[in-house]
Amino acid sequence: MPNLVGEPVEIIDRYGRVHRGVVEGMDPVRGGMVLRTGFGRRFIPFFLIVALFLLRFGRRRIF
């Protein structure tokens with residue numbers, strides 16, 4: 001997976017929820033990524049992620 005820290009992304013989880021924010025970091029110990037949203041920080045586990053889109057380059061699926 002490319003280095004996404006600082007990139008605006010949109011994540012769709014396996015329950016259909018959409019999470020938008022800026023990647024603050026990856027946490028391999030807990031197995032997920034940390035997003036900075038307008039309301040704080042949110043941890044998204046890797047096993048929940050169905051699709052990941054970079055918002056800077058349109059809707060290009062990378063994961």
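Numbers here are sequence positions counted from 1. Only heavy atoms go into these numbers, but all of them, side chains included; no hydrogens, no water, no symmetry mates.
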Q: List for me each residue that meets side chain to side chain contact (heavy atoms under 4.5 Å, CB included) alongside Y15, sequence neighbours excluded, and say none if there are none.
A: D13, R17, L48

(Q) Would you say L54 ends up clustered with V23 if hydrophobic residues are merged whenever their side chains have heavy atoms under 4.5 Å apart, either directly or through other cluster members? (A) yes

Q | Check: L55 and V9 side chains under 4.5 Å, non-hydrogen atoms | A | no

(Q) Pair M33, I49 - check side-chain contact (heavy atoms from CB on, under 4.5 Å), show working. (A) CA-CA 10 Å; M33 62 188 340; I49 298 172; 3.9 Å; yes

Q: Any chance you could pull the hydrophobic cluster mates of F43, using side-chain heavy atoms under 4.5 angstrom and chaining through other members?
A: V34

Q. F39 and L35: same hydrophobic cluster, using ILVMFWY side-chain contacts below 4.5 Å?
A. no

Q) Can you tell me how far CZ of R42 sits from NE2 of H19, rounded to the nearest 0.5 angstrom? A) 5.5 Å

